[in-house]
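Written below as structure tokens is the structure these notes are about.
Chain letters run A, B, ... following the sequence lines, proteins first and then strands; every chain starts at 1. Side chains included, hydrogens not; waters and symmetry mates left out as well; all remaining heavy atoms used. What you are looking at is a predicted structure, and each value in this text was computed from that prediction instead of being measured.
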Number of protein chains: 2
Amino acid sequence: MPPAGRPRTFDRDAALTRAMHVFWEKGFEGTTMADLVKTIGVKAPSVYAAFGNKDAIFKEAVALYNGLVAEGPLKELKASTIYEAVKNSLHKNVEFFTNPATPSSCLVMSAAINCAPENKGHVDDLRQNRAYYKDAFRQRFELAIKDGQLLDGADAKSLAEYFTTFVQGMAIRAKDGSTKSDLMTSCGFALSGLVPLLRDAEK
Amino acid sequence: MPPAGRPRTFDRDAALTRAMHVFWEKGFEGTTMADLVKTIGVKAPSVYAAFGNKDAIFKEAVALYNGLVAEGPLKELKASTIYEAVKNSLHKNVEFFTNPATPSSCLVMSAAINCAPENKGHVDDLRQNRAYYKDAFRQRFELAIKDGQLLDGADAKSLAEYFTTFVQGMAIRAKDGSTKSDLMTSCGFALSGLVPLLRDAEK
DNA sequence: GAATTTATGTAATCTTTGTTATATTATTTT
DNA sequence: AAAATAATATAACAAAGATTACATAAATTC
């Protein structure tokens, strides 16, 4: 039995996906409510009724995006050898950043880098997301150290910092027009930083 | 002999530097004319009389910033060995991104990543600047290849793409709070990607 | 079928932001 | 000293953007 009252004339989930894509492409401040209203295809009051305000739509869009990241690049870190885990995760990021079915680059990287003071909350939220991503790397390296896959000098925190730097750089490069092929080649260079620390010649 | 008319009550160069710092910290759209007017210390019409409009101030600020980059990271690329050139340039970037006397990170990287359509021009301009930076890397690698400092497989374009990726990543990391020490350590990893291509064990 | 509930569209409101008209002040030139 | 030049402050203007009041429409519940 559907809920009482006039039924919504649009698909809320589909609308959120479209909104996410707009934020992904234009950023939080670069996106206007008029943009969102237009992309959803109904008038402003319906959008407000369904989602709240612009801040709330953005938060939901970020949550949706985070789910995609969790199912993609983060999941790849689960591979059994550390080299494969990092390589697969990097490559998945490349696919993510250059997927022609979505805007290029990364919403978390590019939607709120610099904002007016009133939007500092979103800047901080996305920074937090990036910290979470770096921490996933750190945990994976710590596991590898515990498993004896890395040499004694290896430091999980430094490695996580380095690969996070590289991935975040790739996000910008993708925005600047680097191709999937360009980024894949760069991954090879980046992985060179890991090779000297592998205990067995696992690669 | 000073020019006719009432003299300006503020130092135009100092005002531009302050404006650059505001854009550096808050980005183009995150900065309001009220911010600029306040930081310069006179009223709006004086700022407009001295610089034109917001777009023009931003362009001048970017030009000023580019001069700093040319005198810093880009100049370091002139070192005679390729390894020193890249290492010194990376380190100079780190100093640049974490200099406590200026905002963190990089204006070209963070001031206009995502903007509303009416500001697309600035987004494109900064992208162009980043392409210019990458090209400086490429030229330096080509020189190294010509000088026989790199092995035959070395590709200047790929190396430039990789190190540009890394530097751009560092800019974001600096914005996210990574310290000078964090970034310096990452540079060590990044340089690992170059070592296998050095002809003589130059490092 | 009447009452209730919820969504919709039109149109307005309120705030922020970039910009400028006007009158005034400080300096040089004649 | 008068005229010309250019900067300054006050205050207003116009446009854009987020949000909402109001009346209406479509569904369920009683």
Side-chain angles (χ1 to χ4, degrees), chain A residues 1-16 18-19 22-23 25-62 111-112 114-123, chain B residues 1-16 18-19 22-23 25-62 111-112 114-123:
Chain A
M1 53 199 134
R6 178 173 180 174
R8 199 174 273 129
T9 61
F10 62 97
D11 180 334
R12 193 183 188 280
D13 291 341
L16 182 59
R18 299 181 79 116
V22 177
F23 281 129
E25 189 178 339
K26 305 173 108 177
F28 178 76
E29 289 183 339
T31 299
T32 67
M33 280 303 299
D35 290 331
L36 297 174
V37 162
K38 189 179 177 189
T39 203
I40 292 176
V42 290
K43 295 302 161 65
S46 298
V47 174
Y48 278 89
F51 294 101
N53 60 11
K54 186 184 177 185
D55 290 318
I57 304 176
F58 185 70
K59 282 183 180 172
E60 276 202 59
V62 170
N114 264 320
C115 282
E118 64 266 28
N119 299 317
K120 190 176 180 306
H122 296 308
V123 173
Chain B
M1 48 199 136
R6 181 173 179 173
R8 199 175 273 127
T9 60
F10 62 98
D11 181 333
R12 193 184 188 280
D13 290 341
L16 182 59
R18 300 181 79 117
V22 177
F23 281 129
E25 190 179 337
K26 307 172 107 177
F28 178 76
E29 288 183 341
T31 299
T32 66
M33 280 303 298
D35 291 331
L36 297 173
V37 162
K38 189 179 176 188
T39 203
I40 293 176
V42 289
K43 296 302 161 65
S46 298
V47 174
Y48 278 88
F51 294 101
N53 61 9
K54 188 185 175 185
D55 290 318
I57 304 176
F58 185 70
K59 282 183 180 171
E60 275 202 61
V62 170
N114 265 322
C115 282
E118 65 264 31
N119 299 315
K120 190 176 182 305
H122 296 307
V123 173

Nearest-neighbour nucleotide for the [X] side chain, [options] considered:
X: A:T32; options: C:dG18, C:dT8, D:dG17; answer: D:dG17
X: B:A4; options: D:dT19, C:dT28, C:dT8; answer: C:dT28
X: A:P45; options: D:dT20, C:dT20, D:dG17; answer: D:dT20

Worksheet item: Toward the 5' end of DNA chain D, which comes first, B:E118 or B:V47, by nearest nucleotide?
Response: B:V47
Worksheet item: If you measure from CZ on A:F10 to CZ on A:R18, what distance do you get to the nearest 0.5 Å?
Response: 12.0 Å
Worksheet item: Quick one: CG on B:L36 to CG on B:L16, what's the gap to the nearest 0.5 Å?
Response: 10.0 Å
What is the distance, rounded to the nearest whole Å, between atom [atom1] of [X] and atom [atom2] of [N]?
X: A:F58; N: D:dT19; atom1: CZ; atom2: C1'; result: 19 Å
X: B:K43; N: C:dT22; atom1: NZ; atom2: C1'; result: 16 Å
X: A:F51; N: D:dT20; atom1: CZ; atom2: P; result: 16 Å
X: B:L36; N: C:dT19; atom1: CG; atom2: C1'; result: 13 Å
X: A:M33; N: C:dA12; atom1: CE; atom2: P; result: 20 Å
X: B:K38; N: C:dT17; atom1: NZ; atom2: C1'; result: 16 Å
X: B:E29; N: C:dT17; atom1: CD; atom2: C1'; result: 12 Å
X: B:N119; N: D:dA16; atom1: CG; atom2: P; result: 13 Å

Worksheet entry | Touch class at under 4.0 angstrom, heavy-atom based, for A:P7 against every strand present | sugar-phosphate
Worksheet item: Do A:K54's NZ or CZ and the ring of A:F23 fall within the cation-pi criteria of under 6.0 Å and 45°?
Response: no
Worksheet item: DNA chain C: A:G5 or B:A34, which has the more 5' nearest nucleotide?
Response: A:G5
Ignoring backbone atoms, test whether [X] places a side-chain nitrogen or oxygen under 4.0 Å from the OP1 or OP2 oxygen of [N].
X: B:K54; N: C:dT19; value: no
X: B:N53; N: C:dG18; value: no
X: A:R6; N: D:dA25; value: no
X: A:T9; N: C:dA7; value: no

Worksheet entry | Intermediate values then yes/no, side-chain contact (heavy atoms from CB on, under 4.5 Å), A:M33 and A:I57 | CA-CA 10 Å; A:M33 280 303 299; A:I57 304 176; 4.2 Å; yes
Worksheet item: For B:I40 and B:F51, what are the C-alpha separation, side-chain angles and deciding distance, and is it a side-chain contact (heavy atoms from CB on, under 4.5 Å)?
Response: CA-CA 12 Å; B:I40 293 176; B:F51 294 101; 4.2 Å; yes
